[in-house]
Amino acid sequence: MIRKRPNDRSTNRQQRSTLFQKCTNLRALKQVHASMVVHGFNSNHSALGELIFASAMVISGTIGYAHKLFDHITEPNTFMWNTMIRGSAQSLKPLNAVVLYTQMEKRGSRPDDFTFPFILKACTKLCWVKMGMGIHGKVMRFGFQSNASVRNTLIDFHAKCGDLRVATALFDGSAKRDVVAWSALTAGYARRGKLDAARRLFDEMPVKDLVSWNVMITGYTKQGEMESARKLFDEVPRRDVVTWNAMIAGYVRCGFIEQALQMFEEMTSLGEKPDEVTMLSLLSACADIGELEIGERIHSSLLEMGSGEISIIHGNALIDMYSKCGSIERAIEVFQGMREKDVSSWNSVIGGLAFHGHAEESVNLFEEMRRLKVRPDGITFVGVLVACSHAGKVEDGRGYFSLMRNEYKIKPNIKHYGCMVDLLGRAGLLDEAFDCIGNMEMQPNAIVWRTLLGACKVHGNVELGRRANERLLDIRGDESGDFVLLSNIYASRGEWHGAEEVRKLMDDIGVKKEPGFSIVEADDSALKHFCFYSKSKSNRGC
DNA sequence: TTAGGGTTAG
């Protein structure tokens with residue numbers, strides 16, 4: 001009897017799969033590709049598809065290589081298109097997924113039931129409502145609306161960025177609702193702050209899994225309802241790193257740093273391994289309380305976790321932590337060591353320098369950013385204007401303000417105006433500062449008026465100070481600090497009668513000046529508890 | 001090869 005020889009194609013496939021399993025970085029991927037070229041597999045669509053999959057989905061940071069490979073394929077198959085759209089949707093540039101989908105349509109490639117969940121994910125990430133609606137139309141046209149994955153992604157899209165009513169109608173109209181549909185809708189209600197509706201859905205869910213619990217807990221933490229979150233957290237049948245991260249991030253966001261650190265301690269003592277997201281929340285906590293030492297330890301841990309590489313998001317958080325903890329040199333070091341930077345990296349370092357009085361360096365970095373053709377955003381200009389204001393560079397500040405409007409077409413927000421008022425006010429250009437407030441496209445807030453009031457105090461302008469105070473009173477009549485400031489303006493000019501009048505007015509309308517206080521770190525018990533999860537730190541005895 | 005949960009700055 002002649003034994004059937006193993007199918008050549010399947011043997012090759014097995015060999016390639018083994019090869020791809022060994023691919024853990026770009027170098028290995030390129031070697032596999034080179035061997036494919038040598039062995040004549042470079043035109044084999046199945047092999048190329050796997051190569052694209054490895055570089056777009058499996059190995060992190062190699063989506064760029066996937067694009068290069070893909071661009072050389074004259075007729076990509078649907079699997080390749082799907083892989084590229086999926087990889088782009090989950091990358092830092094989800095916009096590329098939309099570009100790819102558009103190209104796919106133009107080139108006459110027919111999308112399948114895998115294409116739609118991927119492209120919809122990109123629309124959700126970008127919150128591109130019109131595009132998502134268009135895709136919804138395509139789903140209907142191609143008849144994929146009954147596919148569970150497609151329908152669930154549509155529910156998720158509408159719940160997060162479209163219309164909750166559409167999401168609910170899709171959910172209600174489903175013949176079968178699985179746990180994903182329930183959780184997607186619950187998450188949508190929770191995200192929009194409709195916690196009661198979310199909770200009703202959560203309670204009605206016929207089956208709950210870990211994600212459903214995490215959705216509801218996160219819903220509470222994001223709205224600052226930490227007590228409800230904690231209650232659910234204590235009831236949850238099983239926890240994973242996301243459950244812990246949601247609680248830790250919630251406590252940090254609410255400013256309950258001690259609880260966040262206690263939760264972290266509990267997490268590690270129960271054997272749950274923290275991940276990069278945990279570290280991000282902890283960095284934020286360190287930045288909030290100025291805890292440099294723990295921040296440095298998180299930095300070391302991140303270097304270990306990423307084998308010496310630090311992601312953009314962590315780099316940005318580290319820059320923020322170091323600058324808020326007063327170590328601007330380390331912040332710059334992190335910034336300079338980052339292989340990849342985004343606009344937030346520049347913003348963090350430009351803002352950090354500006355707020356720490358390094359105006360010259362801050363502005364220089366901004367100029368370098370422009371030279372490198374990195375497009376600044378509104379936040380960049382807040383940093384630059386703060387730098388100009390601190391350095392008393394009125395002309396430069398004016399120039400950057402108009403650059404922002406005219407060249408970058410960024411509409412100034414209240415913070416930009418606040419910076420301009422501060423800049424002009426510090427320089428003693430009080431009338432101009434007053435006019436600047438008058439020219440704002442939005443209602444000035446108390447901060448803006450208070451900035452002007454402060455400048456009036458410094459420059460002893462009683463008349464404008466009085467006017468600023470009147471406006472301030474309209475906005476918030478119960479802030480004693482503003483009265484004190486006005487009273488001090490009178491006093492600094494020797495106008496004791498005016499000063500006395502303001503104090504009397506405070507008494508009349510019942511404004512009490514709170515006694516001043518300083519925070520003195522008397523007990524670092526929460527930090528003493530801080531047991532840092534790191535292999536190399538385990539010998540530190542914590 | 002699909003779908004739902006956690007993350008920095010301002």
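Residue numbers start from 1 in every chain, and the chains themselves are labelled A, B, ... in the order their sequence lines are given, proteins ahead of strands. Being a predicted model, the structure only gives us computed values, none of them experimental.
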Crowding at CD, A:Glu407 (>12 non-hydrogen neighbours, <6.0 Å): yes
Check: A:Tyr101 ring centroid to A:Trp81 ring centroid under 6.0 Å: no
B:dG4 OP1/OP2 closer than 4.0 Å to side-chain N/O of A:Lys160: no
A:Asn245 CG - B:dT7 C1' separation (whole Å): 8 Å
Separation of B:dG6 P from A:Lys125 NZ (nearest whole Å): 12 Å
Between A:His299 and A:Tyr322, ring centroids under 6.0 Å: yes
Any A:Tyr417 side-chain heavy atom under 4.5 Å of A:Met442 side chain: yes
Check: A:Asp178 side chain, B:dG4 base, donor-acceptor under 3.5 Å: no
Short side-chain N/O contact from A:Lys324 to OP1 or OP2 of B:dT8, under 4.0 Å: no
Distance-only donor-acceptor test, A:Asp320 side-chain atoms vs B:dA9 base atoms, 3.5 Å: no
Whole angstrom value for the distance that separates P of B:dT7 from CD1 of A:Ile217: 13 Å
Gap between atoms CG and C1', on A:Leu385 and B:dG10 respectively (whole Å): 13 Å
A:His299 NE2 - B:dT8 P separation (whole Å): 18 Å
For atom CD of A:Gln90 and atom P of B:dA3, their distance in whole Å: 9 Å
A:Leu365 CG to B:dA9 P, straight-line distance once rounded to whole Å: 20 Å
Pair of N/O donor and acceptor under 3.5 Å linking B:dA3 base with A:Thr153 side chain: no
Rounded distance (Å) that lies between atom C1' of B:dT7 and atom CZ of A:Phe264: 15 Å
